[in-house]
Amino acid sequence: MQVAVLTFDGFNELDSFIASSLINRCRKDGLEAFITTPAPVVTSMNGVEVTGQRPMEFVTEADVVLVGSGVRTRDVVADDRLISRLTLAPSRQLIGAQCSGALVLARLGLLDGMPACTDRKSRPFVEACDVTVLDAPFHAEGNIATAGGCLASQYLAAWVITRTLGEDAARAVVDYVAPVGENRETVERAMRAVRSGESVLH
């Protein structure tokens, strides 16, 4: 199972790297994430240059697509040529968005009738797309999920791992990266966020 972590120019390092790092702890179980970029090299909001592991067209074959956020996401959604390269299929793919990545899902019509989570700065722009923004860190309906706040990327990763490998696998990954002495509460917080995010409207 392959995960495309969409990463654009101006990306937020926390959003792309936390999700990809947690998911890649499951490589031995057949789940692997790749930083997926529209150009060979992208530069983060803090000037970190990263070479993409997969081209953007990889999203069509990936089992999971996570849309990262950044300071130039509004430029991304305004670029018709760039958006046309994103062909996603929620019927067969898990699709998630981190913070301003919700704007990309909205632009693609994937949030029609569905509320979303995003960060505080992106909230008014997501709401301008006629999407209801929840005051919550994570929300999922079916195969689509959104997370709000940089550190909520752990919830997005936990959701992906839970949906593909099961809750025990997600718990093991979060436990491994949890601050020493805070393992149990960190794991329970993550799994509670995933469970409540999937049931908030059900």
Side-chain angles (χ1 to χ4, degrees), residues 1-8 11-44 48-70 85-99 101 104-105 137-138 140 142-147 149-180 182-195 197-198:
M1 292 173 287
Q2 300 184 109
V3 182
V5 181
L6 267 176
T7 303
F8 301 100
F11 73 94
N12 183 317
E13 302 95 332
L14 291 173
D15 295 345
S16 287
F17 294 157
I18 289 176
S20 61
S21 179
L22 293 183
I23 290 167
N24 277 330
R25 292 188 180 278
C26 299
R27 278 198 189 105
K28 68 182 187 302
D29 298 313
L31 182 65
E32 188 169 11
F34 300 91
I35 298 296
T36 302
T37 57
V41 176
V42 292
T43 304
S44 78
V48 179
E49 290 190 351
V50 171
T51 300
Q53 297 172 290
R54 294 289 186 275
M56 200 159 78
E57 286 67 25
F58 174 64
V59 299
T60 60
E61 62 184 88
D63 303 286
V64 182
V65 178
L66 299 181
V67 184
S69 73
R85 295 168 63 190
L86 290 175
T87 304
L88 305 185
S91 61
R92 64 173 180 81
Q93 294 175 306
L94 295 180
I95 299 170
Q98 179 67 41
C99 292
V104 176
L105 297 195
F138 178 82
N143 287 347
I144 298 177
T146 53
C150 298
L151 296 182
S153 52
Q154 64 182 299
Y155 303 151
L156 202 55
W159 174 73
V160 169
I161 298 168
T162 298
R163 288 289 305 270
T164 55
L165 299 175
E167 184 173 320
D168 287 347
R171 284 177 170 272
V173 168
V174 177
D175 180 73
Y176 188 89
V177 301
V180 173
E182 298 180 359
N183 298 72
R184 182 173 180 178
E185 60 196 89
T186 302
V187 171
E188 292 306 321
R189 182 188 305 113
M191 301 318 299
R192 185 169 59 248
V194 171
R195 284 194 300 270
E198 289 188 315

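Quick note: residue numbers are just sequence positions, from 1.
- Between L66 and Q98 the shortest side-chain heavy-atom distance does not fall below 4.5 Å.
- V3 places none of its side-chain heavy atoms less than 4.5 Å from the side chain of E32.
- Closest of all the heavy-atom pairs between V5 and A33 is CG2-CB, 4.1 Å.
- Checked against L88 for a side chain to side chain contact (heavy atoms under 4.5 Å, CB included), the options V65, T60, I144 give a single hit: V65.
- V160 and L94 get closest at one heavy-atom pair: O-CD1, 4.5 Å.
- The shortest heavy-atom contact between V194 and A158 is CG2-CB, 4.0 Å.
- Judged as a ring pair (Phe, Tyr, Trp, His ring centres under 6.0 Å), and not counting sequence neighbours, the contacts of F11 are F17.
- Take R92 and apply the salt bridge (charged side-chain N to carboxylate O under 4.0 Å, His left out) test, not counting sequence neighbours, and it matches no residue.
- Taken to the nearest 0.5 Å, the CZ atom of R195 stands 9.0 Å off from the OG1 atom of T162.
- With hydrogens and angles disregarded, a donor-acceptor distance shorter than 3.5 Å links the side chain of Q93 to the backbone of A89.
- When every heavy atom of S16 is checked against every heavy atom of G68, the shortest pair comes out as OG-CA, 4.4 Å.
- Residues V50 and E13 form no side-chain contact, since every pair of their non-hydrogen atoms from C-beta on lies 4.5 Å or further apart.
- Screening residues 149-159 for side-chain hydrogen bond (donor to acceptor under 3.5 Å, both in side chains) gives W159-E198 as the qualifying pairs, with residues at least two apart or on separate chains.
- Shown here for P90 and N143, the closest heavy-atom pair between the two residues is O-ND2, 2.8 Å.
- A distance of 12.5 Å separates OG1 in T87 from CD in E61, rounded to the nearest 0.5 Å.
- Between S44 atom OG and L14 atom CG the span is 10.0 Å, to the nearest 0.5 Å.
- The two residues L105 and A145 have their closest heavy-atom pair at CD1-O, 4.3 Å.
- In this view, E167 and R171 satisfy the side-chain hydrogen bond (donor to acceptor under 3.5 Å, both in side chains) rule, not counting sequence neighbours.
- Here C99 contributes atom SG and D15 contributes atom CG; the two are 4.5 Å apart, rounded to the nearest 0.5 Å.
- For the side-chain contact (heavy atoms from CB on, under 4.5 Å) test, residues two or more places apart in sequence or in another chain that qualify with E57 are P55, R85.
- Between C26 and L165 there is a side-chain heavy-atom pair separated by less than 4.5 Å.
- Distance check, rounded to the nearest 0.5 Å: CG of L86 to CG of L6 gives 5.5 Å.
- Residues passing the side-chain hydrogen bond (donor to acceptor under 3.5 Å, both in side chains) test with Q53, sequence neighbours excluded: none.
- Rounding to the nearest 0.5 Å gives a distance of 6.0 Å between CD1 of I161 and CD1 of I23.
- Contact check for V41 versus T51: side-chain heavy atoms found under the 4.5 Å cut-off.
- No side-chain heavy atom of V42 sits under 4.5 Å from any side-chain heavy atom of F8.
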